Engineer: 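Just dropping this structure here.
Here the structure is a predicted model, which is why all the values come from computation and not from measurement. A note on names: the letters A, B, ... follow the listed sequences, proteins ahead of strands, and every chain is numbered from 1.
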Protein chains: 4
Amino acid sequence: MSSGRVETQRTKSAADKRRLILDAAVRVFARQGFHACRVSDIADEAGVAYGLVYHYFASKDEVLDTLFLERWNVMLELIRQVDGEQMPVRDKLEAIASFIVDSYQHDPDLMKVIIVEVTRAANSFGNTHIATIREAYDLIGGMISEAQAAGLFKSEIDARFAAMAFYGAIEQLLTGWIFELLPQGPEDFKRAKWLVVETVCGGLESRAGEQERLG
Amino acid sequence: MSSGRVETQRTKSAADKRRLILDAAVRVFARQGFHACRVSDIADEAGVAYGLVYHYFASKDEVLDTLFLERWNVMLELIRQVDGEQMPVRDKLEAIASFIVDSYQHDPDLMKVIIVEVTRAANSFGNTHIATIREAYDLIGGMISEAQAAGLFKSEIDARFAAMAFYGAIEQLLTGWIFELLPQGPEDFKRAKWLVVETVCGGLESRAGEQERLG
Amino acid sequence: MSSGRVETQRTKSAADKRRLILDAAVRVFARQGFHACRVSDIADEAGVAYGLVYHYFASKDEVLDTLFLERWNVMLELIRQVDGEQMPVRDKLEAIASFIVDSYQHDPDLMKVIIVEVTRAANSFGNTHIATIREAYDLIGGMISEAQAAGLFKSEIDARFAAMAFYGAIEQLLTGWIFELLPQGPEDFKRAKWLVVETVCGGLESRAGEQERLG
Amino acid sequence: MSSGRVETQRTKSAADKRRLILDAAVRVFARQGFHACRVSDIADEAGVAYGLVYHYFASKDEVLDTLFLERWNVMLELIRQVDGEQMPVRDKLEAIASFIVDSYQHDPDLMKVIIVEVTRAANSFGNTHIATIREAYDLIGGMISEAQAAGLFKSEIDARFAAMAFYGAIEQLLTGWIFELLPQGPEDFKRAKWLVVETVCGGLESRAGEQERLG
DNA sequence: GATGAATGAGGGTTCATTCAT
DNA sequence: GATGAATGAACCCTCATTCAT
């Protein structure tokens with residue numbers, strides 16, 4: 001019994017250290033960038049010894065891999081769940097946008113790292129995780145495709161392209177926040193969720209604009 | 001006369017080597033990524049001696065800076081020109097989208113490098129060039145803002161956010177091509193130009209979808 | 001207890017490696033010169049891995065800085081101590097000369113490095129350590145100044161200049177040994193100590209020479 | 001005739017450029033140090049093209065070699081001439097000290113370069129020119145030796161050591177000026193010439209000091 | 001588990017020197 | 001003579017990773 005508890009204790013402690021390192025890595029990667037930081041910076045930030053990082057992770061890359069996958073899989077889970085529900089497509093897309101914006105609001109460093117170091121890194125991490133990344137795009141594309149089949153979305157717009165445009169719009173808002181080009185008050189986050197969906201689904205054009213255009 | 005020709009010859013030759021290096025760098029950066037390639041890879045690809053890279057550029061960074069600025073400034077020029085013309089806002093945005101897609105079609109490696117290594121690189125090149133990058137966002141934001149003032153675009157959507165969403169949608173299409181997630185035949189490029197504008201301006205929603213939603 | 005011993009062991013071992021590198025650096029700097037040697041030469045001479053040099057020292061410069069300061073500070077200590085004692089000025093100067101000659105005799109490489117690479121290097125290390133170097137000159141100048149005030153030394157000779165002449169005379173003897181222009185048997189070292197003081201204090205001139213001159 | 005004049009003209013012009021480069025090198029070596037400056041720095045300072053330095057000199061080293069030898073040979077000439085004259089030894093030594101101090105006063109940069117980069121550089125230029133350098137020491141040693149044979153100088157002090165002490169005292173005064181540790185007004189230079197000879201020949205000790213010492 | 005000393009390959013940059021014009 | 005583009009060897013330093021304790 002007591003030995004069992006000690007074991008649990010130890011395991012828990014170990015898990016804690018691992019988490020400590022991951023959280024420290026997020027801050028360091030966000031602050032300095034993956035390439036510009038050293039493994040020792042992570043250890044220092046975590047307040048652990050140099051070599052301990054290698055006790056829990058096989059390499060510096062694996063730390064980032066872990067961070068990315070942890071978060072991306074949660075997002076995939078959310079998307080899959082949304083996908084399975086009976087819900088207007090617009091609400092589905094808003095759920096996804098909300099999740100991503102909430103993720104940024106909750107842990108901007110982590111989302112910064114994912115967006116800056118992974119999803120665009122075509123020659124390194126982006127390439128490694130392309131299948132995982134793609135899954136999100138495909139799921140969103142599937143939702144749009146369904147909406148098109150139901151006549152709710154225009155069919156002239158290729159669903160895969162539309163999915164990319166939608167996702168790209170969201171990521172660019174995050175990029176705007178990361179570069180401090182866009183305001184990031186609580187209200188801004190809230191409106192951003194609606195805004196991106198309204199833009200992509202309803203369009204920027206007003207009724208008047210549309211009439212003007214169509215003459 | 002002859003000395004004049006020699007001068008021209010010389011100058012031209014020198015400029016050629018510089019261009020040779022820049023073009024080689026595009027290919028190498030695109031193939032391996034900025035961090036993963038060595039300066040010697042660029043020199044080898046250009047077929048020049050190692051040190052010559054440093055004769056024309058102060059550092060490896062400066063090579064990428066040069067590539068980015070060359071292209072981005074051409075784009076800024078285009079945007080400014082479009083901005084100055086009398087033209088429906090939708091046409092303006094399509095001109096921009098067209099320019100970017102054409103740029104990719106014409107030199108995918110260069111656009112890959114810019115998108116992968118610069119515009120998202122918040123801790124390195126993106127940060128260095130943030131003012132230049134921002135100028136594009138601001139110009140687009142200005143166009144949208146004007147359209148809102150004219151009642152052609154919905155006013156509830158913050159113009160700065162809308163501009164980011166629009167630009168992000170385009171970049172993500174390029175990202176899709178870069179990762180080979182989207183088809184990139186001549187027809188695809190052509191339709192992409194229209195598609196991204198139609199999505200952002202007109203919205204994905206069909207008339208039927210809109211009625212369904214508004215009940 | 002045992003952990004304490006391990007700590008000591010570890011610390012000692014670490015200190016040993018550092019010392020190993022410093023001692024190797026002395027030999028390498030003396031043999032090849034600071035500029036002509038590579039950091040790998042030091043590592044090889046010490047029998048340690050290349051990177052270990054950078055584990056203990058921030059740069060190649062810092063290795064030389066350390067060597068210089070270690071020795072120069074011992075000398076300053078000696079000079080300060082001598083300065084504080086009640087002792088004829090001639091004995092004080094001889095103590096200093098003795099210390100320097102002994103230093104050379106004990107570790108000619110180290111003194112060679114200091115004299116060749118530091119005390120004259122007006123654009124590099126000499127400039128870096130000028131304040132520390134000057135302290136020695138000033139202390140000697142102070143001794144001479146006191147002797148002048150006491151009437152024991154001629155007052156027409158500026159004490160600062162005299163101190164420089166005295167120190168320069170000694171360093172030049174070392175330079176003579178370094179270049180193998182002067183004999184360096186045990187007897188030579190011993191006589192050199194006396195000789196330099198006798199020259200600077202008593203003068204080269206014999207009683208007869210003086211009478212001849214003054215007529 | 002005219003071709004001859006043109007030849008002369010050309011030769012003269014060439015010699016001028018060579019001199020231009022040498023003079024520029026003195027300034028650059030003095031300012032930055034031999035190792036820290038680049039050949040292009042010399043060319044820039046001289047206002048000539050990069051490659052021209054290599055038209056007149058086989059290497060960067062040869063530039064310094066030339067500067068050193070030019071000056072040192074003039075000094076050797078002076079010492080030899082003084083050596084050949086009938087003159088009290090003290091006057092001979094003062095002539096040498098005067099020449100060196102005058103050299104510094106006239107062109108401090110050149111003397112700085114010689115003292116900092118050559119006469120102590122046991123592993124590079126000092127070693128290359130050791131025979132030439134030594135000649136000066138030997139000539140001075142010879143003078144002292146003669147004076148000892150004539151009974152004018154004490155015989156207990158080895159002439160070679162005494163010569164080194166004398167020369168070292170002078171060089172150290174220059175070092176003091178170079179490091180700006182000693183005042184260098186016109187009066188200071190003048191007094192320095194006398195001072196160094198008085199110190200080495202007459203000694204620092206006053207008559208009172210001597211009596212005190214000898215009891 | 002935890003520590004941090006030890007390793008050594010790798011790469012950016014410098015710069016003396018060459019050479020075509 | 002004069003120019004400066006071109007060459008490429010050399011070297012300092014970084015830092016991911018290993019390993020003995």
Engineer: When both hydrogen-bonding distances must be under 3.5 Å and the geometry is Watson-Crick or G-U wobble, what is E:dT7 paired with, if anything?
Structural biologist: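 Base-paired to F:dA16.
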Engineer: Tell me which nucleotide among F:dA2, F:dC12, E:dA16 gets nearest to the side chain of D:Leu52.
Structural biologist: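 Nearest nucleotide to the side chain: F:dA2.
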Engineer: Are the charged groups of B:Arg27 and B:Asp23 less than 4.0 angstrom apart, N to O?
Structural biologist: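 The answer is no: the pair does not qualify as a salt bridge.
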Engineer: If you only use heavy atoms from C-beta on, which nucleotide in E:dG1, F:dT18, F:dA6 is closest to the side chain of A:His55?
Structural biologist: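 It is E:dG1.
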Engineer: Does E:dT14 have OP1 or OP2 sitting under 4.0 Å from an N or O in the side chain of B:Tyr54?
Structural biologist: no
Engineer: Can you check the B:Ile21 CD1 to F:dA5 C1' distance for me, whole Å?
Structural biologist: 11 Å
Engineer: Relative to the 5' end of DNA chain F, which residue comes earlier, D:Gly51 or C:Cys37, by the nucleotide with the nearest heavy atom?
Structural biologist: D:Gly51
Engineer: Determine whether any donor atom in the side chain of B:Tyr50 lies under 3.5 Å from an acceptor atom in the base of E:dT13, or the reverse, and answer yes or no.
Structural biologist: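 By the distance-only test, yes, there is a pair.
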Engineer: Among E:dT17, F:dC13, E:dC15, which nucleotide sits nearest the side chain of D:Ser59?
Structural biologist: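 Nearest listed nucleotide: E:dT17.
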Engineer: Please state how far atom CD in A:Gln32 lies from atom C1' in F:dC15, giving the value in whole angstrom units.
Structural biologist: 13 Å
Engineer: To the nearest Å, give me how far apart CG (C:Asp16) and C1' (E:dA6) are.
Structural biologist: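 Computing the C:Asp16:CG to E:dA6:C1' distance gives 15 Å.
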Engineer: Could you check whether any side-chain N or O of A:Lys17 sits under 3.5 Å from a backbone N or O of A:Tyr56, counting only pairs where one atom can act as donor and the other as acceptor?
Structural biologist: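 Absent.
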Engineer: On DNA chain E, check which nucleotide each of C:Ala49 and B:Val39 is closest to and give me the residue with the more 5' one.
Structural biologist: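 Residue closer to the 5' terminus by nearest nucleotide: C:Ala49.
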Engineer: Could you state the atom-to-atom distance from CZ of D:Phe57 to P of E:dA16 in whole Å?
Structural biologist: 15 Å
Engineer: Both C:Ser40 and A:Ala58 contact DNA chain F. Taking the nearest nucleotide for each, which residue is further toward the 5' end?
Structural biologist: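 Closest to the 5' end, via its nearest nucleotide, is C:Ser40.
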Engineer: Look through every strand shown and name the nucleotide pairing with F:dT21 as Watson-Crick or G-U wobble, where both distances are under 3.5 Å.
Structural biologist: E:dA2
Engineer: In whole Å, what is the span from the CZ atom of A:Phe34 to the C1' atom of F:dC15?
Structural biologist: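 For the pair A:Phe34 CZ and F:dC15 C1', the rounded distance is 12 Å.
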Engineer: Where do C:Val26 and C:Asp109 come nearest, in terms of heavy atoms and distance?
Structural biologist: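 Between these two residues, the closest heavy atoms are CG1-CB, 3.4 Å.
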Engineer: B:Ile42 has an atom CD1; how far is it from atom P of E:dG12, in whole Å?
Structural biologist: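 Rounded to whole Å, this separation is 8 Å.
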Engineer: Looking at A:Arg38, I'd like to know if its CZ atom is crowded, meaning that more than 12 non-hydrogen atoms belonging to other residues, nucleotides or ligands lie closer than 6.0 Å.
Structural biologist: no
Engineer: Rounded to the nearest Å, what distance is computed from the NZ atom of residue C:Lys17 to the C1' atom of nucleotide F:dA20?
Structural biologist: 11 Å
Engineer: Quick check on E:dA2: is either OP1 or OP2 less than 4.0 Å from any side-chain nitrogen or oxygen of A:Tyr56?
Structural biologist: yes
Engineer: Whole angstroms only, please: what is the NZ-P distance between C:Lys60 and F:dA10?
Structural biologist: 15 Å
Engineer: Classify the angle between the aromatic ring planes of D:His129 and D:Phe68 as parallel (below 30°), tilted (30 to 60°) or perpendicular (above 60°).
Structural biologist: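 Geometry flag for D:Phe68 against D:His129: tilted rings.
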